[in-house]
S.K.: 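To start, I am sharing the structure in question, which I have written as C-alpha cells.
Numbered from 1 within each chain, the chains take letters A, B, ... in sequence-line order.
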2 protein chains.
Amino acid sequence: MPARKTKRSERPETGDEAAGRIEPGRRPTINDIARLANVSKKTVSRVINESPFVQEETRKRIAELMKTHGYEPDPQARGLAFRRSFLIGMIYDNPNAQMVVKLQEGVLEGVRGSGFELVVHPCDRSARNFLSDVRGFVQRQKLFGVVLLPPVSENDTLTAMLTELGCHYVRVASAVIDDSAHLVSANDRLGTAEAANHLMDLGHTRIGFIEGPPGFRSRKERRLGFEEALSRRGQKLPESLVTDGAYTYESGVAAAETLLSRTPRPTAIFAANDEMAAGVYAVARQKGLTIPRDLSIVGFDDTPVSARLFPALTTVRWPIPEMGRSAARKLLDMRPGERVSAPDEVLTPYLVVRDSTAPPKARSSCVRRPAGA
Amino acid sequence: MPARKTKRSERPETGDEAAGRIEPGRRPTINDIARLANVSKKTVSRVINESPFVQEETRKRIAELMKTHGYEPDPQARGLAFRRSFLIGMIYDNPNAQMVVKLQEGVLEGVRGSGFELVVHPCDRSARNFLSDVRGFVQRQKLFGVVLLPPVSENDTLTAMLTELGCHYVRVASAVIDDSAHLVSANDRLGTAEAANHLMDLGHTRIGFIEGPPGFRSRKERRLGFEEALSRRGQKLPESLVTDGAYTYESGVAAAETLLSRTPRPTAIFAANDEMAAGVYAVARQKGLTIPRDLSIVGFDDTPVSARLFPALTTVRWPIPEMGRSAARKLLDMRPGERVSAPDEVLTPYLVVRDSTAPPKARSSCVRRPAGA
DNA sequence: CTGAAAGCGCTTACAG
DNA sequence: CTGAAAGCGCTTACAG
C-alpha cells in the first residue's frame, strides 16, 4: 500500500488529533511519524539516531509524536540498513548451569532499554567445526557483539576471528587476558589467596588442593594464587596433595578419594569450585569424617549449592551478575558515537566464611595461630 | 556500490570459474547468485523458499552455485520482506536454572540447521507490566514464535495476546492445557502416582507431602496424582501431612520442619521437586534421622542435585531435553508449507529409584507388603 | 516455469 | 538544519 500523500498543509498540533491517521492495529513506521510531523523521514531518522543536526523544536515535536503513537523503530530494518543487527550473542561451553543463567540475566539487565536482545549459543569448544560454527552464527545474524564465557573466552583464535568479522566482543575471565574494553574479569588469584590465608589462619598446614580442568585459565590462576599465599608464609603445596578436577561433582568425588587416602591425611581441602567441593562432602561423609572437625573444606564460586550443603560451605564469591551487567555495558559502549563510560576495575572475589572450616582437630591445641594475619 | 551489470552472455559452467566475480571478503547476496546463474533474483528466491515452480535443471544449478559460494540468505532481509523474523523467543520466570539451561539446549538442538536462533527472555510474571513487556519483546523482534516455560506457559491471557499478535507459541507444561500443536507436556499425574505407589509398595502409610507453589499447574497435578494413587489403594493424605512449598531449597527446609514435628512422625516424605527434597535432607540430618532408615524421601525432576545428595535421591524424571526439542519442532512445523510431523504423545515422567527410599523402620516387620502391586 | 517492478522500514551519501 | 534519491537483501503481487 503506497503511503497516502495526505494534506501536508494540515499541521497536527496534538498527538490525539493526528492519531486517527494511522490505521488501527498497524504499528506506526518512520513514514507515519514523518507524515504526521510534516518532515522527511530522514529527519525522523536523525531523531532516532540522536543526531545533533536537528532543530530542538523539531526534535521535541517528533519525539512526542513517537511517544504518543508508541513508535519504535524496527530493529530489522535498521539492521539491514546498518549492515549489522541489534543482537548480542552469548557463546559458551560451560558446565555450570547456575553460572550460565545468572550471566544471561546479568547481560539482559545491562542491555535493558537499549533495544538489544540476547541470542544464546551453547557450543562444543572441542568440536572440529567449532570456529566455523561460531563464524556462521556471527555472520548470519550480523551480531553487534558477543559475550564470551570461560573457557571459550580464553581462545585467542576465536577473538581474532571476531575482530576480522567486525564483531565486537567482551570476555568474561579469571585474569587480565585482554585490554579493559574487551574484558570483564575477576582476580581469581586474589580470591584464592584469601581462601589459603583463611585456612592457614585456622592453623592448617596439610592442605589438599583440587584443581580445575586443563584448558581453563582459572585452573592456573587459582592454583597460583593459592601457592603464592602459602609461600608468603613459608608453607608449600606438596605435589602429593594436588589432584586434577573437572569442575564437576563426580570429579570432586574422585579427587577427594585420592586426597583422603594420603597419609597423613590432609586436614583441609580447597576445591577450585563448589561442585567439586560438594563431591568432597560426599566422600568425607562416606569415610566417617565430620566436617569441619575432621576436615575443613573451601570451595569457589558461591553458587547456590554452597548454601545447601551441610554444614554450609565456606567459599569464594565470584561476582557473576555484576560481570554480566558489566559485559553488556562494555558492549553498548562500542556503539558508534557512544562516550565510553569509565572502565570497570577488575573485580575481586571475596571469601564467604560459613561452617565448613575450623581449626584442625589433632593440632588445634598445639599449633599457635599466626598473630594478626 | 551498484551491482556491476557484467557480461550476461557468459554463462558460467562451473562454480570455480564463476568464483572470481565476487569480490573476496564480501558475502555473496541473492544478486550475485542470480547474476552468476543467469537468472533473475526472483528465481533464486524461489529456490531458497523451495518453490515447486522452478525447472529441476535450473534449481540444481542454482543450488550448486549457492553451495560453492557459501551463500546463505540474510535472515534480516528475508525477515523484513516477510514481516517476521527468524527468531524464537523463550519466555520464563522459573527458579530452576538447570531446567532453564537444559530446555534452552533442547530447543536449540531442535532448530539446528533451520536458520532459526533463540532469544532468551527471563521475566517477572507478577510484575504489573508483564504483559506489555512481553508484547513489546514479541512485536519489536517480530518473533516467529515463542516457547513458554511453566508457570508462564499456563497464562491464557498471555497466549491470547500472542495469538492476536500473530506469534506462534508452544507451551511446556505439566498437563494437557492446550491442543497438541501448542503443547509439549509431561503427564505429571502419572509420574507422581508412580512415586506414591513406590512408597506404598514399601509399606509406608504415613506419608508427608510438600506441595509446589500456588500459581503452578504442576502443584495441582502432582498432588492429584499422588492422592489418586493413594485412594486407589484405600489410603488417603491427611491435611496435617500436607505443606506448602515454593520449589526452593529453603521452602523445603521449612516444610520438612513442619512435617517432621507431627506426631506420629511421617515415615516418608514426597517433595514436589528435587530442590525441596534437598531441604528435607538437611532437616532430617539435623534431627538425627537417617535416610532412608528413619525417613524415606522422594523428589521430582531428576535434576543433577538428586544424584549428589546422600544417599542419592529417588525421584521422578521429567524429560527436559526431549521437551525442548519437541517444542522447537512444533514451532518449525508452523512454517507455511510445512507438513506437520506426527504430534508427539504427552510424555510420561518415570520413577528413578535410588537410595533414599526403604521400608519404614518401625513397621517393616509387621506390615504386609501388598501383593503384586 | 520466469522476470520486472515495487515494497518491507530503515540509513547512507550527496545536495542544498 | 533539512530533504530527495538510492540502497541494504530479500519477497510479494502481477504479468507473461
S.K.: Salt bridge or not for B:Arg83 and A:Asp74, using N-O below 4.0 Å?
M.R.: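 A:Asp74 and B:Arg83: not salt-bridged.
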S.K.: Does B:Asp32 pair with B:Arg35 as a salt bridge, N-O distance under 4.0 Å?
M.R.: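 Salt bridge between B:Asp32 and B:Arg35, a charged N being under 4.0 Å from a carboxylate O: yes.
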S.K.: Check whether any side-chain N or O of B:Lys330 sits under 3.5 Å from a backbone N or O of B:Ser180 as a donor-acceptor pair, and report yes or no.
M.R.: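 Checked: pair present.
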S.K.: How are the rings of A:Phe116 and A:Phe144 set to each other: parallel, tilted or perpendicular (split at 30° and 60°)?
M.R.: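 A:Phe116 vs A:Phe144 ring planes: perpendicular.
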S.K.: Out of D:dC10, C:dG3, C:dT11, which has the shortest distance to the side chain of A:Ile48?
M.R.: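 For A:Ile48, the side-chain atoms sit closest to C:dT11.
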S.K.: Indicate, yes or no, whether a donor-acceptor pair under 3.5 Å links the base of C:dG9 to the side chain of A:Arg27.
M.R.: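 Answer is no: no donor-acceptor pair is held.
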S.K.: Return yes if some donor-acceptor pair links the side-chain N/O of B:Arg171 with the main-chain N/O of B:Ser153 below 3.5 Å, else return no.
M.R.: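 Between the backbone of B:Ser153 and the side chain of B:Arg171 there is a qualifying donor-acceptor contact (under 3.5 Å).
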S.K.: What about A:Arg83, does its side chain sit under 3.5 Å from the base of D:dG9 through a donor-acceptor pair?
M.R.: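 Counting by modelled atom types and ignoring angles, no donor-acceptor contact under 3.5 Å is found here.
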S.K.: Rounding to an integer number of Å, can you tell me how far B:Gln139 CD sits from C:dC8 P?
M.R.: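 Atom-to-atom, B:Gln139 to C:dC8, this comes out as 18 Å.
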S.K.: Figure out the CD/C1' separation between B:Gln76 and D:dC8, and round it to whole Å.
M.R.: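 Roughly 9 Å, once rounded to whole Å.
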S.K.: Tell me which nucleotide among D:dT11, C:dC10, D:dT2 gets nearest to the side chain of B:Ser45.
M.R.: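 Selected nucleotide (nearest to the side chain): D:dT11.
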S.K.: Measure from CG on B:Asn31 to C1' on D:dC8 and round the result to the nearest Å.
M.R.: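 Computing the B:Asn31:CG to D:dC8:C1' distance gives 10 Å.
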S.K.: Does the structure show a Watson-Crick or G-U wobble partner for D:dA4, both distances under 3.5 Å? Name it, or say none.
M.R.: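 Answer to the pairing question: none, since D:dA4 forms no Watson-Crick or G-U pair.
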S.K.: Does B:Pro52 or B:Lys41 map to a spot on DNA chain C nearer the 5' end, using the closest nucleotide for each?
M.R.: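 Nearer the 5' end of the strand: B:Pro52.
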S.K.: Using both distances under 3.5 Å as the test, list the Watson-Crick or G-U wobble partner of C:dA13, or none.
M.R.: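 Base-paired to nothing in any strand shown.
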S.K.: Assign A:Phe82 to base, sugar-phosphate, or nothing according to its heavy-atom contacts below 4.0 angstrom with the strands shown.
M.R.: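 Since only primed, P, OP1 and OP2 atoms lie under 4.0 Å of A:Phe82, the category is sugar-phosphate.
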S.K.: Mind checking if A:Phe86 touches a base, just sugar-phosphate, or nothing, with heavy atoms under 4.0 Å?
M.R.: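 Answer is nothing: A:Phe86 stays at 4.0 Å or more from every strand.
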S.K.: Please give, in whole Å, the distance from D:dG3 P to A:Lys42 NZ?
M.R.: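 To the nearest whole Å, that distance equals 11 Å.
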S.K.: I want to confirm an ordering. Mapping A:Arg78 and A:Arg46 to their closest nucleotides on DNA chain C, which one lands closer to the 5' end?
M.R.: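 Result of the comparison: A:Arg78.
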S.K.: Taking the side chain of A:Gln55 as its heavy atoms from C-beta onward, which of D:dC1, C:dC10, C:dA4 lies nearest to it?
M.R.: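 Selected nucleotide: D:dC1.
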